[in-house]
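Notes follow once the structure below has been shown.
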Amino acid sequence: MTRQRLRRPGIWFAALLFAGVSVVVGCRVADTDGITPVPQLLAFLPWLLAPAGLGLGIALLARWWAGVVWAVAVLGLLAWFMEPYGRTTAPGGAAVASLRVLSSNVEFGQATESLIATVRSERPDLVFVQECEYRCDAALKQSLAADYPHRQAVEGGGSTGSVLLSRFPLRDAARIPGTMGMPGAVAEVRGRAVRLQLAHPMPPLPGQVDVWRRELGTLRDFAAAHAKTPTILAGDFNASQDHAAFRRILDTGLRDAARLAGSDRTPTWPARTAGTTPALGAQIDHVLVSGDFAAREARFLGLDDTDHRALLVDITLHQRG
């Protein structure tokens with residue numbers, strides 16, 4: 001009798017779990033980000049294995065066979081969509097130059113000193129810095145100007161400031177408009193013009209999802225407009241491969257360097273859990289490259305006083321095939 005009394009509540013609880021997971025998975029199937037809270041949950045799509053698995057266990061105990069079928073379908077779709085997204089075709093031409101690229105969100109400038117130490121030890125050729133407010137900007141000028149004489153920046157307080165540092169000569173380029181600074185430039189790399197663009201769209205906060213979607217769409221338009229130019233688009237995208245708005249950027253032909261290097265789901269945020277319990281994080285910081293580049297290695301570095309891990313990638317520029 002006790003088991004029979006518990007069967008109905010168990011079925012209802014499992015059904016609620018399946019329904020919630022199905023809404024998010026359904027948006028993934030439909031290639032849309034939906035409305036709050038779906039965009040926020042899509043960032044952590046692998047997490048949904050936990051409630052779906054719990055619901056499956058309850059359905060088995062309750063002998064709810066329709067629920068078991070529902071659970072298997074949901075788990076199968078989750079497994080399918082956890083596969084990496086985007087192209088991986090290797091460049092066909094000869095290698096022109098090797099570059100090291102670092103992208104870091106320093107969280108309102110708090111991780112500036114840690115970033116400077118990392119830059120000095122890792123010696124990247126290009127540095128994309130997000131949330132670099134006035135004091136951060138000044139510290140980078142004072143400490144790194146000798147090694148990085150070329151720069152583009154959007155000055156601002158809090159999260160609005162951004163800086164792009166380069167060992168290569170830079171020409172001015174139109175910056176992408178957004179709530180937070182997104183400077184751009186054209187670098188001269190061994191006689192080749194390489195378009196550089198820092199990415200930092202708004203996060204998909206409740207009430208700000210339309211802004212987030214619109215600013216990711218602006219980045220997608222930039223990528224499409226420069227599809228025939230060697231391009232590096234790097235920064236904190238506030239989006240993972242499970243977001244349709246981010247996949248639209250990859251659909252222009254850009255490739256995720258971390259995926260090319262075999263680290264497509266390594267989390268970058270939140271840093272507190274990303275380094276110790278990777279299942280509780282999301283990869284929202286990316287270095288995207290055009291088909292002119294190959295990626296050899298991607299490393300995720302912990303910096304002090306920021307909620308993001310820095311992304312360091314080694315890439316090679318090739319001649320067009």
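Small disclaimer: the values here were computed from a predicted structure and weren't measured.
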* Structure fact -> Nearest heavy-atom contact between Pro267 and Gly281 is CB-C, 3.5 Å
* Looking at Ala62 and Arg7, what are the two nearest heavy atoms and their distance? -> O-NE, 2.7 Å
* If you group Ile, Leu, Val, Met, Phe, Trp and Tyr by side-chain heavy-atom gaps below 4.5 Å, do Trp65 and Leu75 land in one group? -> yes
* Using a distance-only test with no angle check, is there a side-chain donor-acceptor pair under 3.5 angstrom linking Gln130 and Ser104? -> no
* **Heavy-atom side-chain contact between Val154 and Thr160 under 4.5 Å** => no
* Does Val194 reach the side chain of Leu317, with side-chain heavy atoms less than 4.5 Å apart? -> yes
* Measure the shortest side-chain to side-chain distance between Val289 and Leu254 over non-hydrogen atoms and say whether it is less than 4.5 angstrom. => no
* **Residues Asp137, Arg151; criterion salt bridge (Lys or Arg N to Asp or Glu O under 4.0 Å); working and verdict** => CA-CA 11 Å; Asp137 192 7; Arg151 71 190 331 261; 2.8 Å; yes
* When rounded to the nearest 0.5 angstrom, what is the spacing between CG in Leu164 and OG in Ser103? -> 9.5 Å
* For Ser159, what residues pass the side-chain contact (heavy atoms from CB on, under 4.5 Å) criterion, not counting sequence neighbours? -> Phe108, Glu131, Met180
* If a pair satisfies side-chain hydrogen bond (donor to acceptor under 3.5 Å, both in side chains) and one of its residues is in residues 107-129, list it, with sequence neighbours excluded. => Glu122-Arg299
* **Minimum-distance pair of heavy atoms, taken over all atoms of Ser263 and Ala298** => OG-O, 4.2 Å
* Could you check whether the rings of Trp212 and His243 sit parallel, tilted or perpendicular, using 30° and 60° as the cut-offs? => perpendicular
* Is Arg167 close enough and on-axis enough to Tyr148, meaning under 6.0 Å and within 45°, for cation-pi? -> yes
* Asked: Do the side chain of Ser143 and the main chain of Ala139 share a donor and acceptor less than 3.5 angstrom apart?
  -> yes
* Donor-acceptor pair, Gln197 side chain versus Ala185 backbone, under 3.5 Å? -> no
* To do: Could you tell me whether a side-chain N or O of Arg255 sits under 3.5 Å from a main-chain N or O of Gly253, the two making a donor and an acceptor?
  => yes
* With the side chain counted from C-beta on, respond yes when His226 and Arg195 share a heavy-atom pair under 4.5 Å apart, and no when they do not. => yes
* To do: Is it possible for you to say whether Leu16 and Leu48 belong to one hydrophobic cluster, with membership spreading through side-chain heavy-atom contacts below 4.5 Å?
  => no
* Heavy-atom donor-acceptor pair, Glu188 side chain to Leu170 backbone, under 3.5 Å -> no
* So, the side chain of Arg296 versus the backbone of Ile315: is there a donor-acceptor pair under 3.5 Å, distance only? -> yes
* Please, which pairs that meet disulfide (SG to SG under 2.5 Å) have at least one residue in residues 82-145, sequence neighbours excluded? -> Cys132-Cys136
* Transitively linked via ILVMFWY side-chain contacts under 4.5 Å: Met202 with Phe246? -> no
* To do: With the side chain counted from C-beta on, respond yes when Thr179 and Val211 share a heavy-atom pair under 4.5 Å apart, and no when they do not.
  => yes
* Test item: Gln283 and Phe300 side chains (from C-beta on) under 4.5 Å apart, heavy atoms -> yes
* Thr252 versus Arg220, side-chain donor and acceptor atoms under 3.5 Å -> no
* Asked: Is Met82 close to Pro46 at the side-chain level, that is, under 4.5 Å between some pair of heavy atoms?
  -> yes
* Asked: Going through the distances and angles, do Arg309 and Asp285 end up as a salt bridge (Lys or Arg N to Asp or Glu O under 4.0 Å)?
  -> CA-CA 8 Å; Arg309 298 168 81 189; Asp285 300 85; over 6 Å; no
* Asked: Taking NZ, NE, NH1 and NH2 as the nitrogens, is one of them in Asp242 or Arg265 under 4.0 Å from a carboxylate oxygen of the other?
  -> yes
* Under 30°, 30 to 60°, or over 60°: which ring-plane class applies to Trp269 and His308, parallel, tilted or perpendicular? -> tilted
* Spell out, as yes or no, whether a donor-acceptor pair under 3.5 Å connects the side chain of His318 to the backbone of Gly93. => yes
* Are the side chain of Thr268 and the backbone of Ile284 linked by a donor-acceptor contact shorter than 3.5 Å? -> yes
* Should Gln152 and Asp172 be marked as a side chain to side chain donor-acceptor pair (under 3.5 Å) after you check the CA-CA gap, both sets of side-chain angles, and the distance that decides it? -> CA-CA 8 Å; Gln152 289 289 331; Asp172 289 345; 2.6 Å; yes
* Asked: What is the minimum heavy-atom distance between Ile176 and Phe222, and which atoms define it?
  -> CD1-CB, 3.6 Å
* Minimum heavy-atom distance Asp256-Leu288, with the two atoms named -> CA-CD2, 3.7 Å
* Asked: Should Ile232 and Leu311 be counted in the same cluster of Ile, Leu, Val, Met, Phe, Trp and Tyr side chains packed under 4.5 Å apart?
  -> yes
* Look up atom CG in Leu102 and atom CG in Asp314, then write down how far apart they are to the nearest 0.5 Å. => 11.0 Å
* Asked: Is there a donor-acceptor pair closer than 3.5 Å between any side-chain N or O of Arg190 and the backbone N or O of Val96?
  -> yes
* Given side chains that start at C-beta, do those of Phe168 and Val186 come closer than 4.5 Å, heavy atoms only? -> no
* Asked: Measuring from Thr36:OG1 to Gln40:CD, what's the distance to the nearest 0.5 Å?
  -> 4.0 Å
* Would a hydrophobic clustering, with Ile, Leu, Val, Met, Phe, Trp and Tyr connected at side-chain separations under 4.5 Å, put Phe81 with Tyr85? -> no
* Structure fact -> For Asp31 and Ala244, the nearest pair of non-hydrogen atoms, with its separation, is O-CB, 3.5 Å
* To do: May I ask you to decide if Thr229's main-chain N or O and Thr231's side chain share a donor-acceptor pair within less than 3.5 Å?
  => yes
* Judged by atom type as modelled, is there a donor-acceptor pair below 3.5 Å linking the side chain of Thr32 to the main-chain atoms of Arg28? -> no
